Number of protein chains: 2
Amino acid sequence: MRMVRESKITLERPDMRAHVLKAALLAIEEVGFTQLRVKDIADRAGMSTSHVLYYFGSRDRILISTLLMSEADLDERRGAELARLDARAALDRLVELYLPRGRQDVRWRLWAQVIARPPDDEETLLRLDGFFRSWAAELAAIVRRLSDLGAEAAEDFAVRHCRLMDGLSGDVLLGIPGHDALWAKETVLASMRRELA
Amino acid sequence: MRMVRESKITLERPDMRAHVLKAALLAIEEVGFTQLRVKDIADRAGMSTSHVLYYFGSRDRILISTLLMSEADLDERRGAELARLDARAALDRLVELYLPRGRQDVRWRLWAQVIARPPDDEETLLRLDGFFRSWAAELAAIVRRLSDLGAEAAEDFAVRHCRLMDGLSGDVLLGIPGHDALWAKETVLASMRRELA
DNA sequence: GACAAGGTTTGAACCGTACTCAAAGTTTGA
DNA sequence: TCAAACTTTGAGTACGGTTCAAACCTTGTC
């Protein structure tokens, strides 16, 4: 009995899951987040809805997994891209990568969804926390190159500004008049410059 | 034709709507946000689901209206309560009122919901923006009592810290281990003290 | 005081969609 | 080669939001 369960988990082919998650990203972009049905994902993955559910168990889990993949992907790309830039450009670019590109930004819509219906398993929460920390660490490293802040102060600066960007993103997602992606970017950068000057 | 529409709107009894919204708050607390059905609200309001929908049009609108009411209510209470306190105590209390009390905080779950499924009518967005501004204005006023910051600087301080609190609230709602309501409060207050010192 | 017009309320039906299940198909390993 | 476990699907279920038409009330008018 227990054997069955364990082997099931081990044998879940990651390629299959990744395939579905890519289909999910595509589906969200094409049909929009609010109208997204499991069928839209299944169609684009070339399989039945039952099969998608067989791998993920529930619609919510598909979305959470999509966020995790999307975030992991960005985590990699970010490291590679920022390494090539000088500190000031890296700071600017990091902010750009972090913030939503607009009201319909897929990654941020996923975040909003997950915050509205949070997962209850500890493991997922720790992975999400891991992404937070990764962003903060990257930002802290850049800040240390730009100022004479100590490790602790840089870390504090980074965490505060990540959370600030989270808050600003809420405005962007809501579509508050005047509070668009550009406004958010300018606001964060102003706050950063203010402290680093 | 147009007459019908207009009179319909005018005649919507506000007491009836308010009654439903209070029922909604109660229902959320009792059955939990994720399992909330329109029927749960209707039951507690002592009417049929059709009747609730007759007044609000859709489930989403009920939730948005509940948030608006909840926020308007807090807006009033806040003004009355903070006026009685000295500046330092008022700052502390404002932060307490702003932040979620915990993972299940009803007002914040409503915010999360509305950000995940934003309304598309301009009017609602402006009302939400109004609440943002109201919080910021209140915070700015307190800050000016505590420091020699000018009007502009105080306003900037206030907006940044409101958004910071929004971001921290996300962590609390998610239930990231270690990031509870108390942690959020301490983090904001530390940031505020840091700048005001 | 009766009646017309519009406003309110509801129960019953509709519809869409997440999820379940059993059966058929496929792989793996002994 | 066969059986056991894994995969895949179509059909079916459950459930919740939304619609609709009909009954009920309220109000103002002759």
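In this text the structure is predicted, and so the values were computed from the model without any measurement. Proteins get letters first, then strands, A, B, ... in listed order; numbering begins at 1 in each.
- Per the geometry, OH belonging to Y55(A) stands 18 Å off C1' belonging to dT20(C), to the nearest Å.
- Distance, R61(B) CZ to dT18(D) C1': 14 Å, rounded to whole Å.
- In this structure, the CG atom of D43(A) is 13 Å from the C1' atom of dT17(C), given to the nearest Å.
- When all heavy atoms of A27(B) and L36(B) are compared, the pair lying nearest together is CB-CD1, 3.7 Å.
- The nearest whole Å value for the distance from the CG atom in L53(A) to the C1' atom in dT20(C) is 9 Å.
- Other residues, nucleotides and ligands contribute at most 12 non-hydrogen atoms within 6.0 Å of the CZ atom of R61(B).
- When the C1' atom of dT8(C) is taken as reference, atom NE2 of H19(B) falls 15 Å away, rounded to whole Å.
- At whole-Å resolution of the value, CD in Q35(B) and P in dC15(D) are 13 Å apart.
- Among dT18(D), dT10(C), dT9(D), the nucleotide with an atom closest to any side-chain atom of M47(A) is dT9(D).
- When distances are taken from the side chain of R59(A) to each of dA18(C), dT9(C), dG10(D), the shortest belongs to dA18(C).
- Listed nucleotides dC19(C), dT8(D), dC20(D) differ in distance to S50(B); the shortest reach to its side chain belongs to dC20(D).
- Heavy atoms of other residues, nucleotides or ligands lying less than 6.0 angstrom from NZ of K185(B) number more than 12.
- In the set dT19(D), dT7(D), dC19(C), dT7(D) carries the atom at the smallest distance from any side-chain atom of H51(A).
- An OP1 or OP2 oxygen of dT8(D) is reached within less than 4.0 angstrom by no side-chain nitrogen or oxygen of Y54(A).
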* Asked: For M16(B) and H51(B), what are the C-alpha separation, side-chain angles and deciding distance, and is it a side-chain contact (heavy atoms from CB on, under 4.5 Å)?
  -> CA-CA 11 Å; M16(B) 201 47 121; H51(B) 195 205; 4.2 Å; yes
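- Look at CG on D15(A): it is 11 Å from P on dT7(D), rounded to the nearest Å.
- Proximity note for M16(B) (side chain, C-beta onward) versus dT8(D), dT19(D), dT9(C): the nearest is dT9(C).
- Classified by interplanar angle (parallel below 30°, tilted 30° to 60°, perpendicular above 60°), the ring pair W108(A)/W111(A) is tilted.
- Distances from the side chain of R37(B) to the nucleotides dG11(C), dG10(D), dG17(D) place dG17(D) closest.
- Minimum atom distance to the side chain of S58(A) is reached by dC19(C), of the listed dT9(D), dT10(C), dC19(C).
- In this structure, I41(A) places its CD1 atom 12 Å from C1' of dA18(C), rounding to the nearest Å.
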